[in-house]
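Take a look at the structure set out below.
Start at 1 and go down the list; that is how both ligands and their atoms are numbered.
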Amino acid sequence: MTLTNWWQQAVGYQIYPKSFYDSNNDGIGDLNGIRQKIPYLRKLGIDFVWLCPIYRSPGIDNGYDISDYRNIDPQYGTMEDFDNLIEAFHNYGIKVVMDMVLNHTSDQHNWFQQAKASASSPFHDYYIWKKGKNNGVPNNWKSIFGGSGWQYNSQTNEYYFHLYAAQQPDLNWENPKLRKEMHDVIKYWIQKGVDGFRLDAITHLKKLQTFEDVPDTDMATRNVPGIEVFLKDLKKLYDDCHIMTVGEVGAVPPEEAAKWVNPKNGFMDMLFQFDHVNFGDEHKFDFSTKSVSQIRKSLSHWQQAVEHEHGCLGLFVENHDLPRSISYFGNEEPDQREASAKAIALMYFLMKGIPFIYEGQELGMTNKHITSVSELNDVDSIRFYREELQKNINAQIALSKVAFKGRDNARTPVQWSNQQFGGFSVTEPWIEPNENYKEINVKDELTHHNSVFTFYQTMITIRKHNPTLQSGAFALEKKTADNVIAYRRVSNQETWLIVINLSNQPADYRIPSDLQKLTYEIMLSNDRIDINNNNFELDRWGATLIKFKNKE
Ligand code: GLC
Ligand code: CA
């Protein structure tokens, strides 16, 4: 297969602007801060960045509540700063992907202000309004952030629907005028020169139009039949403008992957699925982690779902909504942290798809381990904590749940050095830094040649120079120890074997018989690998990448 679009060979990097780098010392990351760090990103070797929302916003959900889609939030800088940033990225050959929130706005958006003031406003129908029932909410639909999804508005004596926080009213995509407005917003940013969009909460655009009670709110708000009409319209717009798109497509089963991302008539170029970081089959704040076999199964299941050019996956283990991957999949103990960071990296990065790195992941950053409620910042964590207390759950237990899975973990400032506040700012940051910046930071990572950073850098270079790792077929190795994940990437010329021990116990591995006679080279390892008689041992969290030359 020949790869024709720029993103098909690319490696992405997600930036959470508020936590990336503060250039003007007000404790908040900003656009000029990002610009100053472009050489660092270039050094890592990434090809594009995804910027979490930087539009004007009251910041209830850190920018995912947008009050003005055509302006930059003053805390991040000005439109001129943005223009300079995008130009600077392009000068370095790095593309820019913006986060686009189409499902909801902020309640401070001018449309909503007018919509709630009067039912006869032309903007009223931009949102979803219903009369109450039996002195209560219109139906049993819930918010993903807890509680009913309906909020009463006394001015019109109606309720409006919000899938997320009450300050994030959902847009009514049934209204063609609203759809046109959102298309215009997209065009506005395309004209500014952006190269792509990450489509926030995109499975939710369509709501069940009967507005009846449902056993599970997902049935009325996620992947509802008819959504394809809105998505196809949007796809046409991106295609006309040659724009790359990656959708946040949670809870769509792998069997439906092709419908969403098949290159001929899918709704977007690639999707993020969330099965390996679950939250589907368990409550999002529960303590449980996945077993190695569950991780192996969900990752490989998705790989198989997009086989035979059925579409492309965005590959990731972290983002701004998830705990740090070392804390979740790996081992934070000082003597295991680096090895487990590298094992996790090899586990997902060389699968078929477009790998994304979340800021700080390339340093091996870990969860914050908050010990006091005052450290909570995230709207969803605070909401959850309060609800637990109302249910008479022990405060310590409630706190330890949000400490483990809460979204603040990924949002602590990037650790640039061992200076105060991790070198992120000279002023106290908006969110307390993780104290381990003394041991984990960019400055050190760049000087140690065995660092997590160097491992990512090497992995990126290897992927970039070897087309088999970009477009070769994926195959799971089925015969492995329980604590091992092994897979191949295959082309006519070569076979790459990736073997990862995802545990605190050593593991034995035997080279599969069909590869045993081939010449091989160990391309990358986080461990000393001695292959003896086709067997080798991986230390705990050991991981290796071996290239075999296929027979002529
Ligand atoms: C997505 C974002 C998350 C945000 C939500 C509502 O899931 O990743 O951060 O809270 O959408 O916009
Ligand atoms: Ca700042």
- [ ] Report the protein N/O/S neighbours of the Ca ion (ligand 2) that fall below 3.0 Å; do not count waters.
- [x] D22 OD1, N24 OD1, D26 OD1, I28 O, D30 OD2
Task: N223 side chain to E256 side chain, donor-acceptor N/O pair below 3.5 angstrom - done: yes
- [ ] Taking atom types as modelled, find out whether S23 and D30 have a side-chain donor-acceptor pair closer than 3.5 angstrom.
- [x] yes
Task: Polar side-chain atom of N409 near backbone of A403 as donor-acceptor pair, under 3.5 Å - done: yes
- [ ] Please answer whether the main-chain N or O of S372 pairs with a side-chain N or O of E375 as donor and acceptor at a distance below 3.5 Å.
- [x] yes
- [ ] Just grab all the salt bridge (charged side-chain N to carboxylate O under 4.0 Å, His left out) pairs involving residues 164-190, residues at least two apart or on different chains.
- [x] D170-K207, E174-K206, K180-D184, D184-K187
- [ ] Please name all residues satisfying ring pair (Phe, Tyr, Trp, His ring centres under 6.0 Å) with Y188, sequence neighbours left out, ordered by chain then number.
- [x] none
Open item on the list: The test is side-chain hydrogen bond (donor to acceptor under 3.5 Å, both in side chains); show your working for D380 and Y164 and say whether it passes.
Closed with: CA-CA 9 Å; D380 193 27; Y164 294 91; over 6 Å; no
Show me a pair-per-line table, with atom names and distances to 0.1 Å, of protein N or O atoms that are under 3.5 Å from an N or O of ligand 1.
from: ligand 1; atom 1: 7 (O); to: E248; atom 2: OE1; distance (Å): 3.2
from: ligand 1; atom 1: 7 (O); to: E248; atom 2: OE2; distance (Å): 2.7
from: ligand 1; atom 1: 8 (O); to: R198; atom 2: NH2; distance (Å): 3.0
from: ligand 1; atom 1: 8 (O); to: H320; atom 2: NE2; distance (Å): 2.9
from: ligand 1; atom 1: 8 (O); to: D321; atom 2: OD2; distance (Å): 2.5
from: ligand 1; atom 1: 9 (O); to: H320; atom 2: NE2; distance (Å): 3.0
from: ligand 1; atom 1: 9 (O); to: D321; atom 2: OD1; distance (Å): 2.7
from: ligand 1; atom 1: 9 (O); to: D321; atom 2: OD2; distance (Å): 3.4
from: ligand 1; atom 1: 9 (O); to: R407; atom 2: NH1; distance (Å): 3.2
from: ligand 1; atom 1: 10 (O); to: D61; atom 2: OD1; distance (Å): 3.3
from: ligand 1; atom 1: 10 (O); to: D61; atom 2: OD2; distance (Å): 2.5
from: ligand 1; atom 1: 10 (O); to: R407; atom 2: NH1; distance (Å): 3.0
from: ligand 1; atom 1: 11 (O); to: D200; atom 2: OD1; distance (Å): 2.8
from: ligand 1; atom 1: 11 (O); to: D200; atom 2: OD2; distance (Å): 3.2
from: ligand 1; atom 1: 12 (O); to: H104; atom 2: NE2; distance (Å): 2.9
from: ligand 1; atom 1: 12 (O); to: D200; atom 2: OD2; distance (Å): 2.9

TODO: Run the ring-centre check on Y385 versus F285 and record whether the distance is less than 6.0 Å.
DONE: no
Task: Residue that, paired with K368, satisfies salt bridge (charged side-chain N to carboxylate O under 4.0 Å, His left out) out of E435, E432, E332 - done: E432
